[in-house]
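Have a look at the structure below before the remarks.
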Amino acid sequence: MTQAPIPPEIVPDLERVDQIVAERATTRPVVAGIAAQHLAPEEGRLRAAIVLLAARLGDYALERAAHAAASVELIAAASGVHDELVDEAERRRGTVGSEPRWGGGAALMVGDYLLALSAAEMALTPDPQIIAYYSRSLMAICEGQMAPVTVVAPLEQAREQYLYRIGCVSASLFASAAAAGGVCGGLRQDQVDALEQFGHELGLALQITADARDYTGAGRALRAGIITLPLIYAVHAGGPQLAERLDAPADDATVRATLDEVQRLGGVERARADAAAHAARARAHLASLPPGAARDALAAITDAAVS
């Protein structure tokens, strides 16, 4: 997604989170081998950083916050493994293929094992409110993975499907990470609610930005037949023929032509404007939180989300 500006003062705490994740996963070499790409520190462990920074808004205790941060990273890893299965099995607008990257049963069991590890990590917090936030996020992720975007028009229907999917699959975990951090810091419920809304809007901004960037780069979503916001906006702006290319062979020339046309029709620019609007809403939710270095760091991460 984005290279977030992680404050130097929380780097040692993030290293503690890395240590916890590694200790949990490496006890099972088969699990670690299959899930390695999802367990590697991604973008400085942005979700974990959000947990730690949210906790620093209140009464900060490293071990309590570190277990909550490790939990969200294990959930993210499990989601990544399961998402690989969905992406491989569901290639063209919800149609089913046949051969996942790994044996489907092995990958499914690894994803489930990582979820079990995350549940065990939550129990070390322990706080029923944190468990509730993460459980709701897990349910949302599953719902989103089973709800691919199936249309590019009409605009409102396509946009609604897209926002629902990324809200479930991407934004829900940022929302629960921010809220869990607030609970770790002993913040008031209205402040925890503000953090949850902050995380949701931040997650939307990050995913939309990533999808827009993909249309100026490799076009991975297009190659996989996945409908994202830049394409939806380009079709609405006068490119209905673009939808047909989702079902065409993804040769390099076709992909390049489609990427160029989506940019020409303003699909990328409009998607980036939406991302900026979500980032602005995320920033607004920070206003009711205690001022200081932690809040400033969350604001800086929000700004970087759309840069």
Side-chain angles (χ1 to χ4, degrees), residues 1-18 41-73 75-76 125 127 129-130 132-134 136-137 166-167 170-210 272 274-307:
M1 287 186 179
T2 186
Q3 186 60 51
I6 303 299
E9 61 267 24
I10 73 164
V11 170
D13 294 358
L14 282 172
E15 290 172 352
R16 172 59 182 146
V17 175
D18 286 341
E42 175 199 355
E43 311 289 1
R45 292 216 186 279
L46 181 55
R47 298 173 191 86
I50 288 171
V51 173
L52 299 179
L53 288 168
R56 282 172 174 259
L57 292 166
D59 296 324
Y60 185 67
L62 172 57
E63 283 306 300
R64 178 176 167 84
H67 288 303
S71 295
V72 79
E73 291 298 333
I75 293 171
T125 309
D127 191 300
Q129 194 175 8
I130 292 174
Y133 280 122
Y134 284 155
R136 287 199 297 269
S137 181
I166 69 168
S170 300
S172 66
L173 202 49
F174 283 98
S176 63
V183 173
C184 287
L187 298 184
R188 300 191 313 265
Q189 187 58 51
D190 63 301
Q191 294 172 321
V192 173
D193 292 343
L195 278 166
E196 184 178 21
Q197 291 302 311
F198 158 78
H200 181 78
E201 294 292 345
L202 174 63
L204 292 177
L206 284 164
Q207 188 59 57
I208 294 171
T209 299
R272 282 178 170 159
D274 280 13
H278 286 292
R281 285 195 282 273
R283 250 186 168 278
H285 286 298
L286 294 175
S288 62
L289 300 173
R295 191 177 78 174
D296 292 346
L298 291 171
I301 288 171
T302 305
D303 292 341
V306 292
S307 62

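Counting from 1, the numbers follow the sequence of the chain as shown.
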Report task. Please name the pair of heavy atoms, one in L206 and one in A305, separated by the smallest distance, quoted to 0.1 Å. Result -> CD2-CB, 3.6 Å
Query raised in the report: What heavy-atom pair brings A178 and L195 nearest, and what distance separates the two atoms?
Result: CB-O, 3.2 Å
Requested in this report: Grab the two heavy atoms, one from A65 and one from Y60, that are nearest each other, plus how far apart they are.
Outcome: CB-CE1, 3.8 Å
Report task. Check whether any side-chain heavy atom of H285 sits under 4.5 Å from a side-chain heavy atom of H200, and report yes or no. Result -> no
Requested in this report: Locate the shortest heavy-atom distance separating C184 from I130; write the atom from each residue and the value.
Outcome: SG-CD1, 3.6 Å
Query raised in the report: Under the side-chain hydrogen bond (donor to acceptor under 3.5 Å, both in side chains) criterion, do Q197 and D193 qualify, and how do the steps go?
Result: CA-CA 6 Å; Q197 291 302 311; D193 292 343; over 6 Å; no
Query - Side-chain heavy atoms of P5 within contact of I301, under 4.5 Å - result: yes
Requested in this report: Kindly compute the distance separating CD (Q207) from CD1 (I166), expressed to the nearest 0.5 Å.
Outcome: 6.0 Å
Query - D296, CG atom: more than 12 neighbouring heavy atoms under 6.0 Å - result: yes
Query raised in the report: How far apart are the C-alpha atoms of L57 and R295, what are their side-chain angles, what is the distance that settles it, and do they pass the side chain to side chain contact (heavy atoms under 4.5 Å, CB included) test?
Result: CA-CA 7 Å; L57 292 166; R295 191 177 78 174; 3.9 Å; yes
Query raised in the report: Given side chains that start at C-beta, do those of T302 and F198 come closer than 4.5 Å, heavy atoms only?
Result: yes
Requested in this report: Check the pair I50, L202 against side chain to side chain contact (heavy atoms under 4.5 Å, CB included), reporting the backbone distance first and the verdict last.
Outcome: CA-CA 11 Å; I50 288 171; L202 174 63; 3.5 Å; yes
Report task. Show the numbers, then the answer: is there a salt bridge (charged side-chain N to carboxylate O under 4.0 Å, His left out) between R283 and D303? Result -> CA-CA 8 Å; R283 250 186 168 278; D303 292 341; 2.9 Å; yes
Query raised in the report: Which is it for E9 and R56 under the salt bridge (charged side-chain N to carboxylate O under 4.0 Å, His left out) test, yes or no, and what are the steps along the way?
Result: CA-CA 11 Å; E9 61 267 24; R56 282 172 174 259; 5.6 Å; no
Report summary line: Value for CG (L14) from CD1 (I6), rounded to nearest 0.5 Å, stands at 6.0 Å
Requested in this report: Could you pull out the closest heavy-atom pair between I208 and A275, with the gap in Å?
Outcome: CG2-CB, 3.8 Å
Query raised in the report: Which of these, S176, S172, S71, sits in a side-chain contact (heavy atoms from CB on, under 4.5 Å) with Y133?
Result: S176
Query raised in the report: Just by distance, do the side chain of Y134 and the backbone of A68 share a donor-acceptor pair under 3.5 Å?
Result: yes
Requested in this report: First locate atom CD of E73, then atom CG of L46, and finally report the distance between them rounded to the nearest 0.5 Å.
Outcome: 8.5 Å
Requested in this report: Using only heavy-atom distances, determine whether the side chains of Q191 and E196 contain a donor-acceptor pair under 3.5 Å.
Outcome: no
Report task. Answer yes or no: is there a side-chain heavy-atom contact under 4.5 Å between F174 and V72? Result -> no
**Report entry** Nearest heavy-atom neighbours spanning L289 and A194
**Finding:** CD2-CB, 4.3 Å
Query - Partner of R64 by salt bridge (charged side-chain N to carboxylate O under 4.0 Å, His left out), out of D127, D59, D13 - result: D127
